[in-house]
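One structure is given here, and the rest of the page talks about it.
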Protein chains: 2
Amino acid sequence: MVKITDVARHAGVSPSTVSYVVSGKRPISEETRRRVEESIRLLGYRPHAGARALASSRSNVLALMVPLRAGIDVPVVMQFAVSVVTTARRYGHDVLLLTQEEGEVGLRRVVDTALVDALIVMDVQLNDPRLPLLRGLDRPSVMIGFPASSEGLTCIDLDFMAAGEACVEHLARLGHRVVALVGSPPEVYVRGTAFAQRMVQGFTAAADRGRLTSAVHPCEASPAAARAVAEQLLREQPALTGVVVHNEAILEPLIDAFEGLGLRVPGDLSVTAICPDELAESLRVPVTSIALPAAEVGARAVELLMKKLDGKAVSEATLLAPRMTERGSTARRAVA
Amino acid sequence: MVKITDVARHAGVSPSTVSYVVSGKRPISEETRRRVEESIRLLGYRPHAGARALASSRSNVLALMVPLRAGIDVPVVMQFAVSVVTTARRYGHDVLLLTQEEGEVGLRRVVDTALVDALIVMDVQLNDPRLPLLRGLDRPSVMIGFPASSEGLTCIDLDFMAAGEACVEHLARLGHRVVALVGSPPEVYVRGTAFAQRMVQGFTAAADRGRLTSAVHPCEASPAAARAVAEQLLREQPALTGVVVHNEAILEPLIDAFEGLGLRVPGDLSVTAICPDELAESLRVPVTSIALPAAEVGARAVELLMKKLDGKAVSEATLLAPRMTERGSTARRAVA
DNA sequence: GATTTATGTCGAAGCGCTTCGACAAGGTAT
DNA sequence: ATACCTTGTCGAAGCGCTTCGACATAAATC
C-alpha cells in the first residue's frame, strides 16, 4: 500500500503538504501542487479511508435507511436509493445501506461508531419512533417524507397535499362531480404514513371546496383487491366518473377491472394517478398523472445534507410542487 | 465521545485488556470480563469505526454492487440487497451500496481506500469487464451469477440450466410436445447475461433430449410486448401447449394475452415460470414455478464471504438446485 | 524602511484503536 | 526441585492521516 509519506518523499515535500494538496485547505504553490499531483498519479496513491476518518472525524459516508414494508412500492424505493448513491458520489461520499428493520438502534450504532457523517431516512410516519433520536443527534439528517411536526428536522418530499388537490381540480375542471380516491393498502394509513395521509387530505379538501361528492378507498396491492374495489365503487357510487389512484401496483389492474365492468377509460371514467412517469406512460391507456419525482427527491436530499455538513442552514421543509402530465386517461365528462 | 481509555480507567484495567474483552482474541478472566463489560454498558462505549479500521486493517464493511439496467427485475434486486444487509449484520458487518454504473473504477476505489473488506457483485455477464479486477484483488469477492469461466472466483446462483431443464421436463411429463420459452428482454441476451443464457441452454437441451418441438422468444418487459409475443407464438406454433416464462414483469400480462386469444390456462395451455414465489402465488391463475431464491442467494453469498475473510477456502461454484412448486397453471395435455 | 499581511511549507502531535512482546503467577510434567 | 506450558494482564508501538502552530519568504501598506 502506498501512503502519504511515500508520496511526500517522492515529491520532495512533507506529508502535510501532500495532505493540503489533496484537501485544498491551505494555499499551495502551483509548482508544488503539480509535482505532488504527479507523484500521486505515478504511485497510485489512495488515502486510507479509516485513517482519514480517524484524523478528520469525517468518514465521507452517508447512511440511507430504506423501507421494506408492505405497501411500499419497491421500484420507487430503488429509484431513491440509486439517486442518493449517485448524488452522494458527486460529493465524494459513499452510502451505507440500512434496513428499516434496524430502526433507531441501527441509526444510533452507525452514528456512535462514527461510521457515517449523516443520515437519510425514508418512509417517515407521522409519529415516527426515530424522530426523537434524529432530533437529538449531533449529526445532520434528512427525512424523505414528513412527520406530524417537522420542527428541528429537515424534510423533503413531493407535496402530496397539493398533488391530491391537483388531481381533484383537474377532474373538476373536466366537469366531473363524483370522484373517488383509490389509495394505498390499509396498513399504510394505519401506520400513519405521512404522504398517504396528506394525499387524502388534499383530495378531500379540494373535493369539499368544489362541492364534489367524494369517497376514499384504501386498496391492497393485488389485482384481486383492485377488482373488488372497482366493483364496490360502482355499487356505492353509481354516478362516479372520476378516479384518482395512489397505488402504483394496482393502477393497471384497476383500469382493467373498470373496463371489465363495461366502463371505457376515459369515455365513461376519467382516471388520474400519482406514480412514476414511466409507469403512467407504459400502460395500455397512458394515464394522466402526477410524477413521483423519486430521483429528484433523492438528489435534493443529498444536497441538503451536504449543505448541513458544511454548516450551512437549510429550511426545515422542502415541498416539491406537483407536476401533472395529461395523457389519454382523462376527458371531459360526457353529459348524459 | 467515550473511548477505550475511558472504559479502561473506569474498569481499572489497561486499554488493551478492554480491547481483548471486546474482540475475544485473548483469554480474559471471568471476573475482569464482567467488570469491563459493565463499564462498557455503563459508559455506553462504542468503538470508533475508523480507528478500528486503521489499527486492524478491517473495516467490517462489505461492498454490494447492484445493477440498475434495463431488463433486470427491480424487486428481485431489492430482495438480494435486503438479504445481504441482514445477513451481513448478523456477522457484524455493514454494507456499502455501489451502483453498477461505478463499474470497475468504483470497486477499485473502495478496495484501495480500504473502505471495504470484501465485495459482492450482482448481474454478472459471461464476459464481465469486472472479472480481471476481481481476480487480481487481494480481497475476497463473491459474484451472484456466473461468468463464462468462474476460475479463481467465487460464484453463487440458482442453477438456471437445471431450472430450464426442470421446466421442460415437467411439461414433458404432462404430455406436452410443443413448448416455448418466453425469456428476458433481448438486451439481456445481447449483453451475455449468464443466468438468462443458461436458462435457454437448459430449456433447449431438455427439449431436444425429449424430442419436443421448441422455440425461444426474448420479450420486452411491457404488456404490449407480451401480447405481441403471445400472438406470434400462436401464429408460428399453432400446436403449442406448454410455455415457460422467464421474465417476471410480463408473466401476468402474457397469461392475460393468451386468455384474450381464447386459450384457457391450464386447459389449453400449461404455463410455468421462474420467478419469486410471491409473484407466482399472487396471480389470478397461480403459476407453477421455480422459485428465484433471492433471499437465500444473498445470505449464502455473505456467508461465503465471511468464510473467505476467515481465511477458509470455499468452492468456486455454488449452484442452488431448482425447487419447483406446482400450482394451478400446468395440467396434463388434453388429447384431441 | 519598518511593519504588517498574505503566501507557502514544515514538523509534531494526536485521532482511537489493535496487537505484539513481555512478564507474572499458577499448574503440570519430569 | 527444575523446566516448561498456560492463563491473564500490561505497556508501548504504530496503523495512515489531518491539523495546528511555527516559520520563512514575499508582497503590500503607510
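Each chain gets a letter, A, B and so on, in the order the sequences are listed, and its residues count up from 1.
Of the possible polar contacts, none joining the B/Arg89 side chain to the B/Val84 backbone as a donor-acceptor pair under 3.5 Å is found. Here the side chain of A/Arg35 pairs a donor or acceptor atom with the backbone of A/Ala11 at under 3.5 angstrom.
Using a 4.0 Å heavy-atom criterion, one finds that B/Pro47 contacts the sugar-phosphate atoms exclusively. B/Ser16 comes within 4.0 angstrom of a base, heavy atoms only. A/Ser56 comes within 4.0 angstrom of sugar-phosphate atoms only, judged by non-hydrogen atoms across all strands, and of no base.
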Might you work through the side chain to side chain donor-acceptor pair (under 3.5 Å) test for A/Ser83 and A/Thr86, ending with a clear yes or no?
CA-CA 5 Å; A/Ser83 155; A/Thr86 309; over 6 Å; no

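Side-chain polar atoms of B/Thr32 and B/Ser29 form a donor-acceptor pair below 3.5 angstrom.
If A/Lys3 and B/Pro27 are placed on DNA chain D by their nearest nucleotide, the residue sitting closer to the 5' end is B/Pro27. Ranked by how close their nearest DNA chain D nucleotide is to the 5' end, A/Met1 and B/Gly12 are led by B/Gly12.
At whole-Å resolution of the value, OH in B/Tyr20 and C1' in D/dT7 are 14 Å apart.
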Donor-acceptor contacts, no H, no angles, side chain residues 119-131 of chain B, under 3.5 Å, sequence neighbours left out:
| unit_1 | atom_1 | unit_2 | atom_2 | d |
| --- | --- | --- | --- | --- |
| B/Asp123 | OD2 | B/Arg69 | NH1 | 3.1 |
| B/Asp123 | OD2 | B/Gln100 | NE2 | 3.2 |
| B/Gln125 | OE1 | B/Arg69 | NH1 | 2.5 |
| B/Gln125 | NE2 | B/Arg191 | O | 3.0 |
| B/Asp128 | OD1 | B/Arg130 | N | 3.0 |
| B/Asp128 | OD1 | B/Arg130 | NE | 2.7 |
| B/Asp128 | OD2 | B/Gln125 | N | 3.0 |
| B/Asp128 | OD2 | B/Arg130 | NH2 | 2.8 |
| B/Arg130 | NH1 | B/Gln100 | OE1 | 3.4 |
| B/Arg130 | NH2 | B/Met122 | O | 3.2 |
| B/Arg130 | NH2 | B/Asp123 | O | 3.4 |

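A/Lys307 NZ: 12 or fewer foreign heavy atoms inside a 6.0 Å radius.
Scanning DNA chain C 5' to 3' for nucleotides with an atom closer than 4.0 angstrom to a non-hydrogen atom of chain A gives a first and last hit of C/dG8 to C/dG16.
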